[in-house]
Amino acid sequence: MNLEQILQEKFGHTEFRTGQKEIIQSVLEKRNVLAVLPTGAGKTLCYHFPSRLIDGMTIVVSPLLSLMEDQVHQLRAKGDKNVLQLNGMLTFEERKHVLNEINADTMLFLSPEMLANRKLLQRLASIKNGLFVVDEAHCISQWGHEFRTDYLRLKEVIKFLGNPSCLALTATATNKVEKDIIGQLEMDDPVIHRYSVNREHIKFFVHKAETKQLKLEYLKNCLKTLEKPAIIYAPTRSDTISLSRYIESLNAGLTAYYHGGMSKEDRLLVQHQFLNNELDIICATSAFGMGINKPDIRTVIHMHLPPSAEQFVQEAGRAGRDEAESAAVIIYTDEDKYIPLSFIDLEFPEEQELKVWLRTLKQLGQNNVSLPGDGEMSKILQAEEPQWKMLKFYLEKENIISGPVINERGISEQLFNKLNRQFSYRKLEKERKFEDMESLVQGKTCIRAGILRYFDEEKEAGIEKCCSACGLSINDVFSGNKNMQENRRLPIEQNGWKEELAQMLIGPKRRTIR
DNA sequence: CGTATATGGCGTACGCCATATACGGTGCCGTACT
């Protein structure tokens with residue numbers, strides 16, 4: 001039976017989309033695969049398909065619980081009952097149940113943090129493992145080094161599971177990020193399937209404003225001209241709130257805000273309203289977007305400069321998954337850079353700080369104190385919790401910390417120098433990425449060409465007037481979408497959201513959300 | 001960099017203004033409880 005027949009019989013599709021067949025073939029040949037496929041190209045099939053043919057369990061590492069929920073739900077809805085997930089939203093009993101259920105035919109979704117659990121790993125290793133998938137694999141590079149270091153432990157996990165073949169999937173990776181992913185997963189002799197990140201129907205616009213007020217003026221213009229639904233990205237949580245108030249005052253459409261500090265319920269509610277076309281505009285921090293599968297987002301506006309071109313392409317790429325004309329706008333001022341730069345600053349300790357931290361740890365070790373919990377420890381060091389967790393990861397790597405034991409003899413001048421050098425290097429890398437983003441918008445040349453160059457691609461000849469630098473104006477977009485406008489919006493039920501929320505929380509799927 | 005809160009001097013007992021300092025983003029987790 002050939003792959004097309006299987007596709008038809010088991011998955012109900014008549015043909016593969018670009019790249020899918022090649023990727024699936026490589027996976028079936030038991031190769032380690034890195035696939036860079038643009039947003040909306042059908043990544044799920046790339047592991048769903050082989051997981052049904054491969055001998056052994058398929059493990060899928062997913063960065064967000066909401067994303068995991070969605071995918072598991074969709075796959076199960078398609079009739080695949082042996083798709084399970086394991087995460088912190090499950091009760092103890094539910095977890096036990098999942099651990100009993102899993103077998104060599106299971107597809108199991110987990111977070112990288114879950115895979116740090118030794119007992120769980122032993123249970124997983126007791127089953128034959130066929131395929132190890134890392135979804136949204138750019139997270140390894142983007143988050144793994146500092147924010148979510150469990151991403152850097154995945155290589156040990158893969159070894160522990162008996163080296164199943166590995167498939168890393170992402171929509172945005174430069175050559176450098178590709179190398180980082182391959183290196184961090186220790187993928188042996190990998191096959192790389194890379195498809196262009198170019199999305200021709202997305203038109204790019206950059207506008208530099210002199211003041212904050214003028215930024216808002218330009219935004220007002222954009223909202224008059226550009227189509228909705230739209231996402232507006234802001235740099236801080238409070239900015240998302242003030243922006244949504246501003247837009248409401250303009251009567252520019254139904255608006256809500258979204259950021260990581262909101263409760264799970266509120267986030268879920270806003271997300272659902274946006275997906276159901278009950279909102280025109282969502283003002284959000286970078287927390288919003290990953291796994292948002294809404295095909296008809298017409299406009300993405302950035303009210304600041306994202307920290308990297310990768311992040312920009314990820315966020316702007318949420319527009320126009322349906323391949324209809326869409327707009328991506330950046331409105332910025334020179335002052336914008338201080339926020340991203342201060343975030344980078346915040347992530348890494350100062351030299352003096354690092355010295356004090358190591359000294360404190362050495363003292364704890366000398367007094368045979370066993371290592372306290374993360375919250376407690378960050379208090380002792382007067383560090384932010386993410387900072388301490390990052391340091392802990394690297395100290396574990398250097399065998400300074402093992403479990404609750406602090407091997408204080410290893411804490412030396414050399415160790416300080418090594419860590420300090422490493423942190424400085426990473427900090428510089430991040431600052432460079434931001435500078436690249438700055439030069440992307442400051443240049444006088446085609447923005448699309450700049451993006452493609454950044455991703456080591458050549459711009460294909462023949463795209464005229466593709467962005468503001470090529471002379472395109474925001475009034476020129478959306479001419480091609482005329483006939484698809486009117487039937488989009490549904491009437492809004494003013495009191496519907498409470499019932500809707502109750503539905504999401506209580507039944508019929510029984511989610512556990514606190 | 002801009003904004004919000006905290007401190008400090010004044011010169012008289014509470015309120016005012018000036019200046020100093022802190023903060024800003026992304027998520028998972030057998031779990032800290034108050």
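Bear in mind that the values here come from a model prediction, so they are computed numbers and not experimental data. Naming convention: chains lettered A, B, ... in sequence-line order (proteins, then strands); numbering from 1 in each chain.
- Protein atom CG of A:Asp336 is 14 Å distant from nucleotide atom P of B:dG25, rounded to whole Å.
- Ring pair A:His259/A:Tyr257 is parallel by interplanar angle, where below 30° counts as parallel and above 60° as perpendicular.
- In this structure, OH of A:Tyr151 is placed 12 Å from C1' of B:dT26, rounded to the nearest angstrom.
- Counting to the nearest Å, the P atom of B:dT26 and the NZ atom of A:Lys430 are 14 Å from each other.
- The separation between A:Leu243 atom CG and B:dG2 atom C1' is 15 Å, rounded to whole Å.
- Distance noted for atom P between B:dA32 and B:dG27: 24 Å (whole Å).
- Checking A:Asn32, A:Thr58, A:Leu154 one by one against A:Phe132, the side-chain contact (heavy atoms from CB on, under 4.5 Å) holds for a single residue, A:Leu154.
- Residues of residues 337-356 of chain A that place a heavy atom closer than 4.0 Å to DNA chain B, in numerical order, are A:Tyr338, A:Ile339, A:Ser342, A:Phe343, A:Glu347.
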> Checking side-chain hydrogen bond (donor to acceptor under 3.5 Å, both in side chains) for the pair A:Glu438/A:Tyr332: CA distance, chi angles, key distance, verdict?
Replying inline: CA-CA 10 Å; A:Glu438 279 185 301; A:Tyr332 77 103; over 6 Å; no

>> Evaluate A:Asp336 against A:Thr333 for side-chain hydrogen bond (donor to acceptor under 3.5 Å, both in side chains), listing each step before the verdict.
In response: CA-CA 6 Å; A:Asp336 286 352; A:Thr333 64; 3.2 Å; yes

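- Among A:Gln311, A:Glu136, A:Glu310, A:Arg148, the single residue meeting the side-chain hydrogen bond (donor to acceptor under 3.5 Å, both in side chains) criterion with A:Gln142 is A:Gln311.
- In B:dG30 the O4'-C1'-N dihedral to the base is within 90° of 0, which defines a syn nucleotide.
- Rounded to whole angstrom, the span from the CZ atom of A:Phe312 across to the C1' atom of B:dG25 amounts to 18 Å.
- Rounded to a whole Å, the CG atom of A:Asp239 is 13 Å from the C1' atom of B:dA4.
- As rounded to whole Å, 15 Å separates atom P of B:dG25 from atom CZ of A:Phe434.
- Between A:Phe312 and A:Phe204, the ring-plane angle classifies as tilted under the 30° and 60° cut-offs.
- Rounded to a whole angstrom, the distance from the P atom of B:dC16 to that of B:dT12 is 16 Å.
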Restricting to nitrogen or oxygen on both sides, can you table the protein-nucleotides 27-31 of chain B pairs closer than 3.5 Å?
unit_1 : atom_1 : unit_2   : atom_2 : d
B:dG27 : OP1    : A:Arg267 : NH2    : 3.2
B:dC28 : OP1    : A:Leu65  : N      : 2.5
B:dC28 : O3'    : A:Ser111 : OG     : 3.2
B:dC29 : OP1    : A:Gly88  : N      : 3.1
B:dC29 : OP1    : A:Ser111 : OG     : 3.2
B:dC29 : OP2    : A:Gly88  : N      : 3.2
B:dG30 : OP1    : A:Arg95  : NH1    : 3.4
B:dG30 : OP2    : A:Arg95  : NH1    : 2.9
B:dG30 : OP2    : A:Arg95  : NH2    : 3.1
B:dG30 : N2     : A:Arg95  : NH1    : 3.3

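- Between A:Ile330 and A:His304, the shortest heavy-atom distance links the atoms CG2-O, 4.0 Å.
- Separating the P atom of B:dC17 from that of B:dG11 is a span of 15 Å, rounded to the nearest Å.
- Between A:Ile241 atom CD1 and B:dG24 atom P the separation is 14 Å, expressed in whole Å.
- Nearest heavy atoms, A:Gly291 versus A:Asp70: O-OD2, 4.3 Å.
- Taking CG of A:Leu67 as the start and CZ of A:Phe109 as the end, the distance is 8.5 Å to the nearest 0.5 Å.
- Closest approach of A:Gly317 and A:Ile202 over heavy atoms only: CA-CD1, 4.1 Å.
- By the 6.0 Å and 45° rule, A:Lys294 stacks over the aromatic ring of A:Phe274.
- Using a 4.5 Å heavy-atom cutoff, the side chains of A:Leu99 and A:Leu120 are in contact.
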> So what is the 5' to 3' dot-bracket string for DNA chain B, if pairs are Watson-Crick or G-U wobble with both distances under 3.5 Å, crossing pairs use [ ] and | means the partner sits on another strand?
Replying inline: ((((((((((....))))))))))..........

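- Between B:dT26 and B:dA22, the two P atoms lie 23 Å apart (nearest whole Å).
- Taking atom C1' in both B:dT19 and B:dG25, the straight-line distance is 29 Å, to the nearest Å.
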